[in-house]
Amino acid sequence: MSQPLIQPTDRGLYCAAGDFFIDPWRPVPQAVVTHAHADHARPGSDQYYAASPGLSLLRRRLGQNAPLRGLDYGVVHSFGPVRVSLHPAGHILGSAQVRVEHDGEVWVASGDYKRDPDPTCAPFEPIACDTFITEATFALPVYRWPPVAAVAAEIQQWWHDNARQGRTTVLFSYALGKAQRLLAALEQPTPGPIYLHGSVAPLTDDYRAAGIPLPTTRRVSEAPADEDYAKALVIAPPSAGGSTWMRRFRRPATGFASGWMRIRGNRRRRGYDRGFVISDHVDWPGLLRTLAETGARRVLTTHGRADELVRYLGERGLEARPLATLYGDVEDDG
Amino acid sequence: MQAFARLYRQLDEQRGTNAKVDAMADFFARVEPDDGAWAVYFLSGRRLKRLIGPVRLREWLARCSGLPEWLVEETHQHVGDLAETIALMLETTADRDRHDPRPLARWVEEEILALREIDEHQQYQRVTAAWQALDESGRFVYNKLLTGALRVGVSQTLVQRALARATGQPQPVIAHRLMGQWQPSGDFFKSLFEARSADEDASRPYPFFLAHPLEGDPADTLGPVHDWQLEWKWDGIRAQLIRRQGQTWLWSRGEALIAETFPEIVEAASQLPDDTVVDGEILAWDEAVLPFAELQRRLGRKRVGPKLRREVPVRLLAYDLLEQGGEDIRERPLGARRQTLEALMADVQAPLMCSPLIHARQWSELADRRAEARERRVEGVMLKRRDSAYGTGRPRGIWWKWKVAPLTLDAILLYAQPGHGRRANLYTDYSFAVPDGDTLVPIAKAYSGLDDAEIRRLDHWIRRHTRERFGPVRSVEPVQVFELAFEGIAPSSRHKSGVALRFPRIKRWREDLGPDDADTLEQIRALLP
Ligand SMILES: [Zn+2]
Ligand SMILES: [Zn+2]
């Protein structure tokens with residue numbers, strides 16, 4: 001049998017026929033990058049290709065002068081005999097699936113993706129293919145996401161209750177993607193002003209620059225020392241949680257927005273006051289639906305709960321196998 | 001059902017005790033009596049007998065979700081809780097109005113207790129229909145009730161406070177009414193709202209008053225030593241002995257009637273006058289106190305024959321008097337209660353006796369006596385304010401237990417397995433071993449003692465240093481050493497090591513030690529009493 005079109009190497013997923021890598025974790029000559037999260041976009045490669053809407057986010061990760069070339073969704077770029085095109089993955093702004101075609105065979109490497117509506121990025125587009133590479137971050141049947149609007153309403157109610165008691169609402173979330181999605185989901189008028197942590201604010205500005213409408217926010221770093229946060233919502237990355245940065249808020253009520261909050265044990269163990277189930281990764285029903293829509297006969301998995309998914313798909317007559325990758329090593333990317 | 005599920009969610013989500021009391025009081029004030037009774041029943045930690053086991057529930061879940069049984073099982077492993085797994089795995093019908101509107105009491109009676117009367121096939125149909133009729137949180141609570149495992153993170157005291165507020169009755173009265181055995185009926189719930197009546201149930205015990213652990217030296221914080229009544233902290237079974245209407249009841253702190261386990265105590269109780277309630281400790285005792293392991297031979301036995309009575313004689317050491325001549329004297333100062341108790345016990349024969357007092361003129365003397373604890377087979381000393389009333393719950397500053405420092409040993413981490421519930425995603429259940437010649441012999445399991453950051457770091461290490469996997473259990477490279485604390489040690493034929501530790505827990509992760517520094521089995525056997 002000839003070698004597979006895409007295969008894992010010590011530097012990343014490699015397409016030998018086109019001589020390029022997808023989301024490599026070590027420097028390579030040519031890298032196609034699915035999105036700007038740290039486990040997928042790593043610095044040091046000679047040339048990067050990525051979907052145009054995500055370029056400014058990628059520059060923050062790879063450096064302002066990184067050799068970065070934008071491809072519009074759906075436009076084919078040839079790597080020798082291999083035809084490559086990028087298609088929306090619905091994960092974060094500029095996230096892409098990589099469609100790879102060679103000798104009549106089609107592979108899709110989907111990076112991270114989700115099927116739930118998200119006004120901050122283009123929706124996932126199912127691509128017919130022979131082999132589909134999927135994430136398995138939440139590939140167990142208990143992971144089914146509630147409607148985002150319902151979760152947003154819960155957050156808003158919680159914020160409202162906190163504001164009434166004069167307590168600052170601090171919502172921890174992943175700084176890129178989740179934070180902006182939360183902002184977009186909040187209903188106007190809000191119970192108070194919205195502040196952003198220093199690691200969330202510039203990314204949010206990138207979203208605005210890309211034309212995504214988001215509510216007005218202020219930066220905590222630019223607020224005076226005696227700022228009154230009593231009615232405020234503050235969005236911050238989880239790493240800010242235990243730090244001295246938190247001291248400026250009086251009796252803060254803390255929440256965490258993540259797919260992991262689906263499990264009660266996780267909600268309790270994390271030590272936040274509240275957990276909100278909202279994820280930029282595909283849930284179990286979304287994953288199965290996607291596989292059906294792509295029509296793929298072969299499924300390769302990355303991230304997370306691969307064993308159960310592989311066995312389950314195998315029992316349903318698909319060829320399924322885990323791919324060894326280093327994705328998903330970033331904490332709290334849920 | 002949905003209202004109770006909502007209350008459960010609030011209690012689960014709120015961290016402040018005031019908010020929990022508010023939520024419960026609000027619920028009790030509005031609820032229909034029938035539903036209120038069942039809510040009190042469950043919130044106060046009572047359970048229904050389990051009607052359907054986990055194996056069957058998993059099988060039904062597989063059938064009604066269309067997923068293979070192994071996947072249901074793996075997912076259950078991942079979540080750690082079956083009731084939750086069922087709640088999360090099934091799809092909820094989007095239409096909220098179609099959710100079953102029946103209140104808690106009808107759910108319990110019609111959908112849970114009714115399952116006793118029907119065969120397995122009908123049970124399957126009823127249970128899976130119930131799953132469809134509820135939303136996620138309703139389904140979770142229903143499953144918890146069905147499996148007899150609903151645990152709410154509220155203490156008895158909080159439930160009592162909430163009921164006291166909702167009913168306008170004093171908290172001690174509520175506490176008393178909730179003790180013992182009662183039927184969760186609308187009449188019971190309504191009776192909680194009534195002023196105290198003359199014939200409150202004769203068997204009913206008072207809530208036990210509990211001591212707070214004392215850390216550090218009492219000389220620094222507790223004022224003059226003579227303000228305190230000092231006693232030994234016994235290592236037995238806390239019990240309340242009730243004489244009323246010519247009858248005797250013996251209650252354990254777990255609110256179980258234990259008269260059959262200790263018949264000689266019940267027989268001796270006829271020496272006490274009617275309408276007397278004594279608080280004390282049951283100990284295995286033959287001239288002096290015997291190790292707890294001896295007493296354990298009697299526990300859980302419904303019938304105790306003459307042979308066991310001979311082999312493990314017991315005593316009740318009384319240390320407080322709660323009711324005298326039918327009068328509730330809990331509000332009197334401890335010093336006065338103690339005098340009355342001593343007078344009452346003066347002519348009473350074994351196996352009833354007063355728990356002796358410790359006399360110390362200075363704190364240093366008490367510390368010396370405490371140092372004798374292990375020799376005397378007690379856990380330490382008790383400090384009770386002489387002017388204190390017999391309260392409820394476990395408040396700080398009134399009664400203290402000052403235990404001797406636990407025993408410790410250094411052991412090697414050998415196996416790890418994921419936790420349940422709140423730690424479903426992490427390796428948090430550990431087995432430890434100590435060297436015996438060239439082999440490692442398991443010595444203890446421990447689940448607690450590390451902080452969250454350490455647990456995460458250890459979890460990370462375990463995943464990278466696994467040697468073998470047996471289902472959920474991993475064996476790891478035997479290099480990490482932990483200091484384990486434990487309360488006692490006894491010979492055991494059930495354990496390969498030949499010893500059993502009482503209450504082992506992790507005291508510290510000894511990253512400064514290597515496996516060669518661990519204690520050997522020989523050294524540990526030398527600790528046996
Ligand atoms: Zn991502
Ligand atoms: Zn990822």
Should B:Glu74 and A:Tyr312 be marked as a side-chain contact (heavy atoms from CB on, under 4.5 Å) after you check the CA-CA gap, both sets of side-chain angles, and the distance that decides it? CA-CA 11 Å; B:Glu74 290 288 335; A:Tyr312 179 73; over 6 Å; no

Salt bridge flag under 4.0 Å for residues B:Glu136 and A:Arg144: no

Salt bridge or not between A:Arg264 and B:Asp12? Use side-chain N to carboxylate O under 4.0 Å.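 Salt bridge present between A:Arg264 and B:Asp12.
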
B:Tyr415: side chain to side chain donor-acceptor pair (under 3.5 Å) partners, not counting sequence neighbours: none

State whether the number of non-hydrogen atoms from other residues, nucleotides or ligands found under 6.0 Å of [X] atom [atom1] is greater than 12.
{"X": "A:Arg297", "atom1": "CZ", "answer": "no"}
{"X": "B:Arg457", "atom1": "CZ", "answer": "yes"}
{"X": "A:Arg321", "atom1": "CZ", "answer": "no"}

Would you mind reporting whether A:Ile263 and B:Leu88 have side-chain heavy atoms less than 4.5 Å apart?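 Touching, per the 4.5 Å side-chain cut-off.
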
Walk me through it: do B:Leu67 and A:Trp284 pass the test side-chain contact (heavy atoms from CB on, under 4.5 Å)? CA-CA 12 Å; B:Leu67 294 170; A:Trp284 173 261; 4.2 Å; yes

Heavy-atom distance under 4.5 Å to chain A: side chain of B:Leu90, backbone, both or neither? backbone

Distance-only polar pair, side chains of B:Trp70 and A:Glu315, donor-acceptor under 3.5 Å: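 On atom types as modelled, these side chains qualify, holding a pair under 3.5 Å.
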
Between A:Leu140 and B:Val79, does the side-chain contact (heavy atoms from CB on, under 4.5 Å) criterion hold? Intermediate values first, please. CA-CA 10 Å; A:Leu140 280 178; B:Val79 174; over 6 Å; no

Aromatic plane relationship, B:His78 with A:Tyr143 - under 30° parallel, 30 to 60° tilted, over 60° perpendicular: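 Rings of A:Tyr143 and B:His78: perpendicular, as their planes differ by over 60°.
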
